[in-house]
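Each remark here refers to the structure printed beneath this line.
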Amino acid sequence: MPTVSMTVNGKPVSGEVEARTLLVQFLRDQLRLTGTHVGCDTSQCGACVVHVDGESAKSCTMLALQVDGAAITTIEGLANGETLHPMQEAFRNNHGLQCGFCTPGMVMSAIDLVKKNPKASETEIREWLEGNICRCTGYHNIVKSIQEAAGNMGG
Amino acid sequence: MHDFNYQKAGSVADAVSALNAADDGTVMAGGMTLLPTLKQRLAAPSDVIDLAGVSGLSGISVSGGVTIGAMTTHAAVSGSTDVKGTIPALADLAEGIGDPQVRNRGTIGGSVANNDPAADYPAACLALGATIKTDRREIAADDFFNGLFETALAEDEIITSVSFPSAEKAAYMKFPNPASRYALVGVFVAKTAAGVRVAVTGAGDSGVFRASSLEQALSSNFSASALDGITVSADDLMSDIHASAEYRAHLITTMAKRAVTAAG
């Protein structure tokens, strides 16, 4: 089987995978990083969003072999010890989640937005979340969370 | 998904030889259509040849019009000041494809080569009179799109870039399917040195097409009111659970009017 190597949350990792192994399967099944979720498995819902070389991407629609040599960040790589990332903290402060299933993808997607558009308007935030589906919150508190985090991230 | 041999091509020539050597090989650009297709087992290629490592296939250059490398992502096109400055309608179109994560991975070359009947880029290519450059020739958009998922590309031919001539006026208006966000009807109108062209995606039984009745009306008077009372025949339009052919026909004129207004 082919071998794949990449950096995940700052640590070099490698493993044997089938060519058809998806990045999300490699992360969850081989690295046991189960914070990245599989919701729809059809690149609609965004529960599987991670960062690939700093850009948000749906890890259910990428092969592990495609990101050989890349730097991946997952939800597990955000907090600094006990200190949550400002985006995570803002989701907690604003009740930006209910069941929590979509939250890892929401947080990873939102961080990419704030990086690209630190002063995103409410409309821009809602448009950006096109590819992240939440079945609980109605998005209102998620948008509030992202607005608060943008302020705390220096936006 | 059935398993396959995964190969990372080092050059376009490498990719062509890998395709020719494979039993049933396929090229992967961003993978945003190919991977879902493989997951549903709608295709089971023996080899997937990834173009991501080939240098020189991405990037945007301006000279008269805009030339976009085949592996340029939708996000790169939508954020490009060169594209916004030359053909802003093209940047708007790219901004409306899928969602941000799909735009970070999906490419213009992949979209054009796949020729999905509801994809956005084929409408821009046809309306602007783009030229599709491959590893061996240049193909005019008029000769490129040959029906549902069919193109003029040979089995082992690879798109390297797409060139769009600049337009005096242009705009794209899409009525997205609320679930998939693909175009239920998308209309690209362009007024260029070559005249007025109107290309429609999402609606045609044989994929993207030019709406001649709308082009004629707009040629003498490029305004939304010129399209009052102009209809598009529902013959040869798609009819499915999302919309009837008649509904699509009506939407074509409506979206064309909006596009003409947006084009200014």
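Bear in mind that the values here come from a model prediction, so they are computed numbers and not experimental data. Each chain gets a letter, A, B and so on, in the order its sequence line appears, and its residues count up from 1.
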Please determine, among A:Leu63, A:Leu113, A:Val49, A:Thr42, the option with the most heavy-atom pairs under 4.5 Å with chain B.
-> A:Leu63

Sort out for me which of A:Val52, A:Leu22, A:Asp112, A:Asp41 touches chain B most, counting heavy-atom pairs under 4.5 Å.
-> A:Asp41

Among residues 75-100 of chain A, which ones touch chain B with a heavy-atom distance under 4.5 Å?
-> none

Can you check whether anything in residues 31-48 of chain B gets within less than 4.5 Å of chain A, heavy-atom wise, and list it by number?
-> B:Gly31, B:Met32, B:Leu35, B:Pro36, B:Lys39

Counting a contact as any heavy-atom pair under 4.5 Å apart, which residues of residues 96-119 of chain B contact chain A?
-> B:Gly98, B:Asp99, B:Pro100, B:Gln101, B:Asn104, B:Arg105

Side chain, backbone, both or neither of A:Thr21 within contact of chain B (heavy atoms, under 4.5 Å) | neither

Would you name the heavy atoms of A:Gln66 and B:Asp50 that are closest together and state the gap between them?
-> CG-OD2, 3.6 Å

B:Ala179 versus chain A, the contacting section by heavy-atom distance below 4.5 Å = backbone

Which residues pass the side-chain contact (heavy atoms from CB on, under 4.5 Å) test with A:Glu127, sequence neighbours left out?
-> A:Thr123

